[in-house]
Novice: 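After the structure tokens below, expect a handful of questions from me.
Letters A, B, ... mirror the listed sequences (proteins, then strands); counts begin at 1. As a basis for the values below, the full set of heavy atoms in this structure was taken, side chains included, without hydrogen atoms, waters or symmetry mates.
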Number of protein chains: 2
Amino acid sequence: MDWSPTSLPIAVDAMGGDHGPGEVVAGAVLAAREHGLPIVLVGAPGPVSAELARHGASSEIPIVRAEEALEMDEGALASLRRPRSSIAVACHLVRRGDAGAVVSAGSTGGVVATGRLRLRGQPGVLRPAIAVVLPTRPRGTVLVDAGANADVKPEMLVQFAHLGAAYADVALGVRRPRVGLLTIGSEPGKGNKLIRRAHELLSAANVDFAGNVEGTDVMAGSVDVIVTDGFTGNIVLKTLEGGVRYAFGELRDTLSEGRLSRLGAALQRRRLRELTRRLDPEEHGGAALLGLNGTVVIAHGSSSAAGIAAACRLAGRLVEKRIVERIGERVSADARSHRRWS
Amino acid sequence: MDWSPTSLPIAVDAMGGDHGPGEVVAGAVLAAREHGLPIVLVGAPGPVSAELARHGASSEIPIVRAEEALEMDEGALASLRRPRSSIAVACHLVRRGDAGAVVSAGSTGGVVATGRLRLRGQPGVLRPAIAVVLPTRPRGTVLVDAGANADVKPEMLVQFAHLGAAYADVALGVRRPRVGLLTIGSEPGKGNKLIRRAHELLSAANVDFAGNVEGTDVMAGSVDVIVTDGFTGNIVLKTLEGGVRYAFGELRDTLSEGRLSRLGAALQRRRLRELTRRLDPEEHGGAALLGLNGTVVIAHGSSSAAGIAAACRLAGRLVEKRIVERIGERVSADARSHRRWS
């Protein structure tokens with residue numbers, strides 16, 4: 001192949017997601033046509049080529065064959081049982097240097113396990129972690145880990161700070177991201193044992209550590225990166241999702257009480273819908289699985305074509321800005337500075 | 001004293017809260033006059049009696065002297081340093097049988113530490129925990145622990161289920177509350193080590209265990225009680241608070257774009273304000289500290305007079321429905337059934 005490194009294609013897992021290949025292929029076509037991204041689709045050639053033909057895109061996007069697929073309800077173990085799954089083959093393309101990144105709308109557990117198995121952690125990184133961008137003002141906030149590691153050690157939280165800082169730099173353009181540690185109470189001694197130790201380590205680490213942040217700060221935009229374990233991070237993310245859905249449901253009821261209010265509600269229904277979508281953190285490009293020898297973006301399982309295209313755009317940006325190298329630099333710089341002082 | 005047990009007064013900590021005694025005394029007067037609750041105010045006689053006089057209530061509500069007060073920013077250790085603080089004296093009244101319950105708008109850490117020290121845990125209860133009622137539909141959901149215990153063991157989570165079930169029974173009138181365990185992923189094996197073990201124990205415990213729930217379920221009203229550790233619970237609660245504030249802020253911006261929308265927004269501003277208030281979980285009576293030899297209700301530090309009155313009403317209800325005995329019955333029944341089977 002004679003692609004230059006920056007034009008390595010994005011390997012899109014055509015079999016992941018709740019809607020089957022239809023929506024994923026449509027998203028891949030959108031990414032190729034609207035955003036000019038080089039794409040390969042990985043999956044069962046029959047259905048995938050049929051979908052491509054529907055868009056008249058058969059000659060535009062190559063297909064790489066994968067015999068199997070991980071089901072959405074299959075857990076992490078399935079990645080061992082299915083070495084030829086579409087997500088495994090997509091990872092293999094990156095490993096071999098034939099693709100620059102993987103995009104999948106498969107189950108998070110399956111993508112994380114397959115990514116760890118096929119791409120391996122990058123040197124010096126203890127554990128890969130999931131980063132998502134929360135739509136705070138004036139700019140987004142990176143939450144890491146959003147669900148890859150349910151049990152962590154304090155040293156891993158320090159590394160999540162590096163992963164998140166590299167991601168904030170690359171994805172949000174923040175040169176010196178401020179990092180907060182999610183806990184209960186803002187003073188240094190507050191939290192559980194894990195957090196108290198992580199606070200000490202972060203204070204000595206090579207990051208712009210802003211100290212503790214609380215749940216009320218998650219959507220406040222007061223820091224650029226919020227560090228937490230994958231258990232808490234996933235619960236926070238899903239609590240926000242459910243909380244916003246609840247608040248808007250209540251609001252709809254409130255707005256439709258009374259005649260004048262009904263008028264107002266009708267005027268605003270469309271705006272309300274747009275806002276709901278914008279608040280869904282999984283709508284803007286998906287979650288990045290960071291710390292592996294390759295770039296993996298996990299799109300929401302129920303992603304529309306536009307969601308898949310956004311995930312491809314995010315993956316393209318992460319490759320272009322060399323996220324893997326940037327993480328490597330931060331992690332090894334921190335390790336060096338620790339050696340120097342200890 | 002010749003009060004009957006049900007008419008034991010509620011000892012209100014006049015010195016707790018962000019607004020000083022003014023708002024607390026106003027709330028106590030409201031509780032006494034509007035809801036007919038017997039109240040004693042605990043605090044510095046000078047300021048408290050001045051506030052009572054402002055309401056013309058000097059002869060209606062007795063004052064019990066307390067020389068000191070815990071500051072809002074003082075942590076748990078202050079409860080040891082200040083044995084004569086208003087919250088400590090209020091607890092002492094309950095201990096001595098001169099009051100039925102304590103209401104305080106002091107710092108959560110200070111109230112929890114003082115309560116543990118002065119009232120002690122009730123027999124068989126490993127750790128007291130904080131329960132709050134989330135305003136879900138069709139009826140509220142109890143979240144426990146909302147912040148008393150940052151580091152827990154699986155056995156404590158089982159007890160939190162009993163505390164929460166007793167509370168749902170007493171506060172929400174749910175005879176057989178369904179209990180969910182907060183984690184990531186709905187299948188039994190999902191979560192961290194703590195949760196996996198707690199899941200096993202809860203499956204064997206004497207509660208109506210509905211299995212795992214996720215962050216998206218917190219505001220869905222699908223279970224009556226959500227069990228979690230105090231670290232996660234507090235972060236969930238504060239994330240919801242911040243998330244709802246954020247969503248409404250975005251909404252305000254959205255609603256005020258465009259001329260027709262501005263009209264609609266004007267119509268709805270008041271309703272929106274009401275809704276925001278209703279969604280604040282700390283506005284309806286506050287948090288209950290369960291598992292002590294006495295009833296303690298923690299009102300929000302920034303409580304208005306109405307918030308303090310609501311906390312007094314909740315405290316009165318918990319005493320009337322004998323929450324302490326109900327918790328004792330559940331915890332000992334579970335201990336007995338375990339002895340029988342093991």
Novice: Quick one: what part of A:Thr136 sits under 4.5 Å from any heavy atom of chain B, side chain, backbone, both or neither?
Specialist: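 Backbone of A:Thr136 only, per the 4.5 Å heavy-atom cut-off to chain B.
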
Novice: So what's closer than 4.5 Å to chain B heavy atoms on A:Ile195: side chain, backbone, both or neither?
Specialist: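 Only the side chain of A:Ile195 comes within 4.5 Å of chain B.
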
Novice: Side chains of B:Asp151 and A:Arg196: closer than 4.5 Å at any heavy-atom pair?
Specialist: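 Yes. Closest side-chain heavy atoms under 4.5 Å.
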
Novice: Could you report the tightest heavy-atom contact between A:Phe231 and B:Leu182, atom names first, then the distance?
Specialist: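 Where A:Phe231 meets B:Leu182 most closely, the heavy atoms are CZ-O, 3.7 Å.
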
Novice: Between CZ of B:Arg245 and OG1 of A:Thr216, what distance do you get to the nearest 0.5 Å?
Specialist: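 Nearest 0.5 Å value for the CZ-OG1 distance: 6.5 Å.
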
Novice: Specify which of B:Gly230, B:Gly215, B:Gly221, B:Gly242 makes the most heavy-atom pairs with chain A at under 4.5 Å.
Specialist: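 Among B:Gly230, B:Gly215, B:Gly221, B:Gly242, the one with the most close pairs to chain A is B:Gly215.
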
Novice: Using 0.5 Å steps for rounding, measure from the CD atom of B:Glu214 to the CD atom of A:Glu241.
Specialist: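 Rounded to the nearest 0.5 Å, the CD-CD separation comes to 9.5 Å.
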
Novice: Please report the closest heavy-atom contact between B:Val244 and A:Ala247, naming both atoms and the distance.
Specialist: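 Distance-wise, the nearest heavy atoms are CG2-CB, 4.4 Å.
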
Novice: Please classify the contact of A:Val236 with chain B as side chain, backbone, both or neither, using a heavy-atom distance under 4.5 Å.
Specialist: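 Contact with chain B: backbone and side chain both.
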
Novice: Say whether, by atom type as modelled, one donor and one acceptor occur between the side chain of A:Tyr246 and the main chain of B:Pro135 under 3.5 angstrom.
Specialist: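 A pair under 3.5 Å: yes.
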
Novice: To the nearest 0.5 Å, how far apart are CG in B:Asp229 and CD1 in A:Ile184?
Specialist: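 If I round to the nearest 0.5 Å, the distance is 8.5 Å.
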
Novice: How many angstroms lie between atom CG of B:Asn234 and atom OG1 of A:Thr183, to the nearest 0.5 angstrom?
Specialist: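 Nearest 0.5 Å value for the CG-OG1 distance: 8.5 Å.
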
Novice: For A:Ala150 versus B:Gly191, what's the shortest heavy-atom pair and its separation?
Specialist: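 Shortest heavy-atom contact: CB-O, 3.5 Å.
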
Novice: As an exercise, state the distance from CD1 of B:Ile235 to OG1 of A:Thr228, rounded to the nearest 0.5 Å.
Specialist: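 Reported to 0.5 Å precision, the distance equals 5.5 Å.
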
